[in-house]
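Following: one structure in structure tokens, then a few remarks.
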Amino acid sequence: MTIEIIPVPDLGGADKVEVIEICVQAGDVITEEQSLVVLESDKASMEIPSPLAGKVVSLKVKEGDSLSEGDPILELEVEAENGAAESADDAEDEAPETPADEPQPAQSEPEQQSDAEPATGGTSEQLVPVPDLGGSDAVDVIEICVAEGDEVAEGDSLIVVESDKASMEIPSPASGKVLSLKVAEGAKVSEGDDILVLEVTGAAKPAKPAPASKTAPAPPKKQASSAPQTTPAPAATDNSAPASAEAEFYAGPAVRKLARQLGVDLGKVKPSGPRGRFSKDDIRDYVKNLVADVNSGKVSSGSGIPAVPEMDFSQFGEVELQKMSKIAKLTAANMSRSWLNAPHVTQFDDADITELEEFRKSMKAEAEKRGVKLTPLPFLLKASAAALQHEPSFNVSLHADGEHMVHKKYIHIGIAVDTPAGLMVPVIRDVDKKGLWELAEESNELANKARNGKLMPRDMQGGCFTISSLGAMGGNGFTPIVNVPEVAIMGVSKAQIKPVWNGSEFVPRQMLPLTVSYDHRAINGADCGRFFTYLVAVLGDIRRLLL
Ligand code: CAO
């Protein structure tokens with residue numbers, strides 16, 4: 001056994017760098033490459049890995065200390081043959097992974113001059129390639145830090161790549177404007193691959209950018225929020241990538257890796273480090289608390305909803321585990337989200353569709369000639385469009401800022417379609433402008449597309465209101481869940497002949513049971529009263545559609 005003093009390696013020019021995290025303590029048995037401390041300069045955080053495996057004898061630093069190259073970090077007890085001689089060899093053989101070579105501040109090499117572009121007094125385009133990655137190859141692009149049109153300064157991070165061992169920020173070799181991106185999140189890149197095209201002013205800057213620095217991204221700058229979306233995408237297509245959300249947080253590569261391995265969303269973790277930096281312990285504590293809460297049946301997430309305990313159903317009889325389809329999983333998530341976000345109220349009424357049905361049946365021959373099936377659905381679409389026009393308070397969505405209501409000047413209506421893969425909601429556009437034949441054709445076409453798995457995301461976007469019809473199946477009524485961000489949905493049950501009092505006697509009438517569920521954050525009972533009464537009146541006398 002020998003005792004080795006582990007010093008601060010070359011910090012790429014940085015000096016008096018603050019210790020913001022101590023990752024080990026006396027007595028710890030550590031492996032080679034295990035992070036010892038995290039240092040933070042103005043530009044970057046750097047994890048200093050151990051050059052050797054061994055047992056920590058004593059720490060020579062504490063949080064808040066300022067360190068420079070050569071300062072002792074700790075004393076390590078190492079196996080005799082694992083000592084200084086070997087570590088020196090390793091340092092040469094494995095240069096990219098040793099601390100002395102890796103932690104470079106994110107800055108360019110101004111002395112390098114380009115021979116790729118002619119120097120001009122105006123602007124020139126410069127292709128920025130992936131620099132030397134210190135031996136790493138085919139690394140993942142985990143963050144894109146710039147967008148097309150962004151102005152970047154020399155040294156600004158362009159992308160963050162991650163190998164098995166480290167995250168690396170690739171800095172811009174010059175100031176300029178990003179003309180086009182050549183990589184996307186999730187792509188794999190190697191040295192020389194194109195990152196982006198930069199428009200630089202004046203003489204072209206170096207064709208070869210500064211080397212990537214093994215670093216954790218500096219605390220994120222808050223991005224200005226983008227313009228409000230006037231047409232909220234439907235829940236079914238909401239598929240935000242976790243990687244881009246991750247860029248918002250201030251965490252080192254090892255912490256990010258641990259979070260990713262454990263499936264932890266950093267947004268839900270409280271950072272304990274200086275300037276909101278996340279440590280590994282923050283992630284571990286979060287998971288520990290989560291597991292404890294789930295085990296005790298207490299709250300499982302920030303939503304305050306108690307978790308449903310896991311159950312082994314096989315103890316009660318034979319069971320079979322079947323994988324849920326993607327659509328079924330999305331539906332489950334969207335229904336929970338809608339149900340938990342929107343305080344639902346459901347109102348019930350029956351529409352007298354006796355005359356509507358007589359008219360519909362009288363059109364059967366013509367429908368056959370046209371090759372169209374005329375069910376009650378096109379009438380319901382038309383009546384709903386009329387009611388949305390009559391009561392515009394239904395044709396809205398709540399803006400995400402909680403301050404505005406988005407009033408829609410168009411009438412697009414979704415129809416719930418039962419398919420073998422699960423529930424899908426294609427949207428018919430401009431229902432108010434279309435006739436019954438067109439609506440019949442389009443709803444048949446969309447329902448067929450849904451059943452054959454041929455719907456495109458756009459076919460399911462932009463709905464203002466949804467009709468869910470179980471009329472062909474039966475039932476007296478049901479309470480549908482609003483397809484948020486829409487604010488209302490109509491449930492249609494099976495029409496039946498019922499005795500209706502006409503003032504002097506009961507007469508048999510064809511009655512259609514309808515329900516309207518609405519989001520009480522956006523709609524009040526009186527609004528629904530007006531909307532529903534009008535809709536029922538239109539279905540009772542479709543000549544009203546002409547008024
Ligand atoms: N009352 C009585 N009969 C009705 C009816 C009603 N409310 N609605 C439809 N019918 C009749 C139709 O007229 C047709 O009969 P005919 O062939 O004699 O004319 C028959 O039922 C079958 O209609 P359909 O289902 O083929 O067509 P549709 O236009 O009524 O419905 C669609 C189309 C896509 C809405 C439907 O097929 C469907 O998928 N419904 C399920 C929706 C769903 O799952 N909702 C629940 C969502 S929440 O989990």
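Numbering of ligands and ligand atoms starts at 1, following listing order.
Gln510 and Thr354 share no side-chain donor-acceptor pair at under 3.5 Å. No side-chain donor from either of Ser397 and Glu486 sits under 3.5 Å from a side-chain acceptor of the other.
For Asp432, the side-chain contact (heavy atoms from CB on, under 4.5 Å) partners two or more places apart in sequence, or in a different chain, are Ala385, Gln389, Ile411, Asp430. Checked against salt bridge (Lys or Arg N to Asp or Glu O under 4.0 Å), Glu366 has the following partners two or more places apart in sequence or in another chain: Arg370. With sequence neighbours left out, the side-chain contact (heavy atoms from CB on, under 4.5 Å) criterion links Thr419 to Val417, Ala421, Met424, Ala450, Arg451.
Taking CZ of Phe348 as the reference point, atom CG of Asn476 lies at 10.5 Å (rounded to 0.5 Å).
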Would you mind listing each N/O atom of ligand 1 next to any protein N/O under 3.5 Å, plus the distance?
unit_1: ligand 1; atom_1: 1 (N); unit_2: Ala495; atom_2: N; d: 2.9
unit_1: ligand 1; atom_1: 7 (N); unit_2: Ser493; atom_2: O; d: 2.9
unit_1: ligand 1; atom_1: 26 (O); unit_2: Lys373; atom_2: NZ; d: 3.2
unit_1: ligand 1; atom_1: 29 (O); unit_2: Thr375; atom_2: OG1; d: 2.6
unit_1: ligand 1; atom_1: 37 (O); unit_2: Arg451; atom_2: NH2; d: 2.7
unit_1: ligand 1; atom_1: 39 (O); unit_2: Asp418; atom_2: N; d: 3.0
unit_1: ligand 1; atom_1: 39 (O); unit_2: Arg451; atom_2: NH2; d: 3.2
unit_1: ligand 1; atom_1: 40 (N); unit_2: Ser469; atom_2: O; d: 3.0
unit_1: ligand 1; atom_1: 45 (N); unit_2: Ser468; atom_2: OG; d: 2.9

